[in-house]
Amino acid sequence: MTTQANGSALPPAYEPASVESRIYRMWEEAGHFQPKIDPDREPYTIVMPPPNVTGELHLGHGLEDAITDALVRWHRMQGDPTLWLPGEDHAGIATQNVIERELAKEGLTRHDVGREAFVERTWMWVRKYRSRIADQHRQLGASADWSRNTFTLDPQIVKAVRTTFVNLYEQGLIYRGLRMINWCPFHETALSDLEVDYEDIAAKLYYIRYPIVGEGGMPLPDYVVVATTRPETMVGDTGVAVNPADDRYEEKIGRMLMLPIIGREIPVVGDDAVKPEFGTGAVKVTPGHDPNDWEIGQRHDLPVIVAIDLKGNMNDEAGPYAGMSVDDARAAILRDLEDEGFLDHVEDYTHSVGVCSRCKTVLQPLPSEQWWLDVNKEYEHGHSLAGDAMRAVTEGRIGIVPQRFEKVYLNWMENIRDWCISRQLWWGHQIPVWYCENKHTTCQVNDLDKCPECGAAVRQDEDVLDTWFSSGLAPHADLGWPDDTDDLRYFYPTADMQMGYDIMFFWCARMIMFGLYNMRERGEERSMPFRHVLFHGLIRDAKGEKMTKSRGNVVDPLVAAATFGADAFRLAVLTGATLGADQKYSDDRLTSARNFANKLWNTARFVLMKVGDRRIKRPHPLDRETFALEDRWIMSRLEQLELDVDSLMKAYQLGECARQIEDFLRGELCDWYIEMVKPRLNEGDERPLKVLVHVLDHGLRMLHPFMPFVTEELWQTLREHLDDDMASQLIVAWFPKSGNNWKDAASETSIEHVIEVNRTIRNIRAEKKLEAGARPKVVLRASAYSAALKDTAAATNFTSRVELEVLDTSATIPAGEWAFGRVADTEVAVALPQVDAAVERARLEKELGESSGHAERLEKQLANETFRSKAPAHVIAGMEATLAETKDKVAGLRERLGSL
RNA sequence: GGGCGGUUAGCUCAGAUGGUUAGAGCGCUGCGUUGACAUCGCAGAGGUCACUGGUUCGAAUCCAGUAUCGCCCACCA
């Protein structure tokens, strides 16, 4: 044998820790993450969903890296100029909160330090965490272009944000207005509808008597009972509404009621929004603290009284309850109502309340001046933000994967309302609007120091924009918009986008609206931010619970990667579920993925050991004539795999694709091909080396998008032994493209048969409890497959440890003690020391039952005229072949039963 | 109140355009260290594909309905 130096040079087990950082550095230093702009080639671009700068990457980011990197590496290996554009998000509320908590440890609030110092302090935090986040991506193998890394508060993005704002403002889509908003008393800011969660709470429905006022302002003994879950808001009541069609209250409409305790007179109004069947059919109207009541108040010109302040406490409007918290005020009011006989009765009642999606504080609906984006207004004839965003999807310019999410997207977009974009925070994009003391308002991109109209000093609007306003610009802004940059011209529109389905509305929807709007000069076919958007599911813990800090079940992807290897982590999350579906995460899956990496490692180790110091030429199609049956088989199987990989990748079936490659390498290459050719290799036959090196090379290439580190490490050694035009690194090597050179259906059928025969032999060995070390004689009697069985006899002798003799059907099996089996046309006889006739009979009878049942079903179907006329020919032919084989088998079984 | 998804082996999940006896990993049982790999190999047990009805020559796959779990949307005083 030749030298074993190269194979033995690899340690016997794959050790990710000793490989990953070195390999990553090698890629990055070679500049492979940075695409070269080539006008003759279509680029592949994908923008990374920017993680919040507030902290660590979680499993969701790990999954995203696995998905994106697989797509990116696949395209890069196809030769596409490939750009994966990374970034981080300033994450307004989340980040501000982190810094406020830091301050709180020093006993300070943000107001103590002031806006400027607070923002500076936040920047210090950001600088520290940004590089940390990038390092975390690196550890997972993300081949993103760090030279283009973008932060959502970079000057370039500020310019993009302001330009967008100004354009929308000038077209009247952005406006400032007094509306009912969701106010979070904890964060002390307005929120958009999307940032509201609803929680069911067990509460009470309080029925309160509102006396009717007679002539002269005196309360009458008669009263109207209203039902409310929030009695404390009655201090802000300015009316009571009933349905105008409700007979019970018909004559009450227009009369005045006396607000209990407070003593204010309020009118009864008729409004269709009131449902007669709910409660008493009469509802107290508090326009200052309820969105519905706000609407009713608008319709009936009712005054608005705001009685709750921005921290959730009662203000002076609450009279005797001023200064109390909402909860205290509720208790006090109920006590007073009861004391004075106004509380009619109380019922248990479960309803949902809006809470802040971040801190779960119960939100206060308040009328407030905020900035809004009107997504339905036409900015040009026939064009609105939401309308364009819907059409891009319905007309197929943007594809949603999986497609079922299309409906969710469209349904949301159809019902979308104006977006509250201002936040009362300090960290973020400050609104580019300036006011002067003469009430002039200026909205412009550049900073302003004096009023262009009157020259007076100006003050910038203090609010900042919703974080998603800037994220929504990502694809074009990250590429340089509003400037006309090379990147923007070349890489926009981006190809794919990928995110968890949970941020479809927050992010995907906004990117589509903003992209189409800002890039509209490009025309419909080139203005969309991306051509496909992929929605992946959430990763839950092993019990299916959502991973949250409070549950303490959060898994750090870097710990997983450090324990099992980044490749194992990536493979595990990628194959854990299909796109769009949630997956449960457990170490078991990581373990098997790690084991596969090790299996691959040892496969390569074996091949390299056998190759020694040779340089191998790839198999040429002309070699087929000289190749053994199993050589032709594995080459044919490889070619089929390449075809399947191509179509699966194109269909974004990444998990299925990885699984199929793994199945091939494990189940066909390792389990069968390698085992079968060992005897030939031992005899110095070098043909299998050609095949082994080629198949391993292609396998590593195809697996690289999924398991980049181990494949690159192995390929670095393998390439030294392949006499071919090779790239220096696998990351930029060509991806196997399926040709039609090796497809060989006959070889596939033959080897499948040989494998089944081997399985049957082994099965008999195990069932008959033959000595593991024994080499029993085996006689095969076959017709059509006899040549294949003879060709592979040496292999079978080796892999199943037998002494094989292949006979034609004309020959008879010699006398002696045999255990019999059958595979299609092949009768398998394994020599036995002795046979237990009863056990053998039982086994044969069971098998006979199964086989004759199968034959009957086939016969019945084949006898069916409709089937014969409608089914495709290959199905019928296949079934007939199976029937023939099954009949042979039945005959054989009967014969053997008879001879027992 | 609308909408969506899941329900396949003990567990976690695959099964594209319907097609011959439904797969993998883990777990389980038995055997095994034949120089790539015990992070391994071989063999085996284990499934009426949630249920009912329909379409079809043929259904895990398509249609309708039911059950159950989960999710999303919606201004339920």
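All values reported here derive from a predicted model rather than from experimental measurement. In what follows, chains carry the letters A, B, and so on, assigned in the order in which the sequence lines appear, proteins first and then strands, with residues in each chain numbered from 1. Hydrogens, waters and symmetry mates play no part in the numbers below; they use all other heavy atoms, side chains included.
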| Can you tell me if A:T350 and A:D200 form a side-chain donor-acceptor pair at under 3.5 Å? | no
Using only heavy-atom distances, determine whether the side chains of A:D290 and A:T233 contain a donor-acceptor pair under 3.5 Å. no
Taking NZ in A:K887 as the centre, count heavy atoms belonging to other residues, nucleotides or ligands within less than 6.0 Å. Is the count above 12?
no
Counting only heavy atoms from other residues, nucleotides and ligands, does the tally under 6.0 Å from CD of A:E414 exceed 12?
yes
What's touching nucleotides 43-45 of chain B from the protein side, N or O pairs under 3.5 Å?
{"unit_1": "B:A43", "atom_1": "OP1", "unit_2": "A:R759", "atom_2": "NE", "d": "3.4"}
{"unit_1": "B:G44", "atom_1": "OP1", "unit_2": "A:N763", "atom_2": "ND2", "d": "3.4"}

Readout for nucleotides 36-41 of chain B: B = base within 4.0 Å of protein heavy atom, S = sugar-phosphate only, - = neither; 5' to 3' it is BB-BSS
Each nucleotide N or O in nucleotides 11-13 of chain B that has a protein N or O under 3.5 Å away: list the pair and distance.
{"unit_1": "B:U12", "atom_1": "OP1", "unit_2": "A:K584", "atom_2": "NZ", "d": "3.2"}
{"unit_1": "B:C13", "atom_1": "OP1", "unit_2": "A:K584", "atom_2": "N", "d": "3.4"}

Could you pull out every donor-acceptor pair under 3.5 Å between side chains of residues 399-412 of chain A and any protein atom, sequence neighbours left out?
{"unit_1": "A:Y409", "atom_1": "OH", "unit_2": "A:A389", "atom_2": "O", "d": "2.7"}
{"unit_1": "A:N411", "atom_1": "OD1", "unit_2": "A:N415", "atom_2": "ND2", "d": "3.3"}

Stems of at least 3 consecutive Watson-Crick or G-U wobble pairs (donor-acceptor distances under 3.5 Å) involving RNA chain B, listed by first number, are B:1-7 with B:67-73, B:10-13 with B:23-26, B:28-32 with B:40-44, B:50-54 with B:62-66
Is any side-chain N of the basic residue among A:K584 and A:D541 closer than 4.0 Å to the acidic one's carboxylate O? no
The complete set of side-chain hydrogen bond (donor to acceptor under 3.5 Å, both in side chains) pairs with one or both residues in residues 661-672 of chain A, sequence neighbours excluded, reads A:R637-A:E668
If I pick the P atom on B:G25 and the same atom on B:A45, what distance separates them, to the nearest angstrom?
15 Å
Across the strands shown, which category fits A:G878 at heavy-atom distances under 4.0 angstrom: base, sugar-phosphate, nothing? base
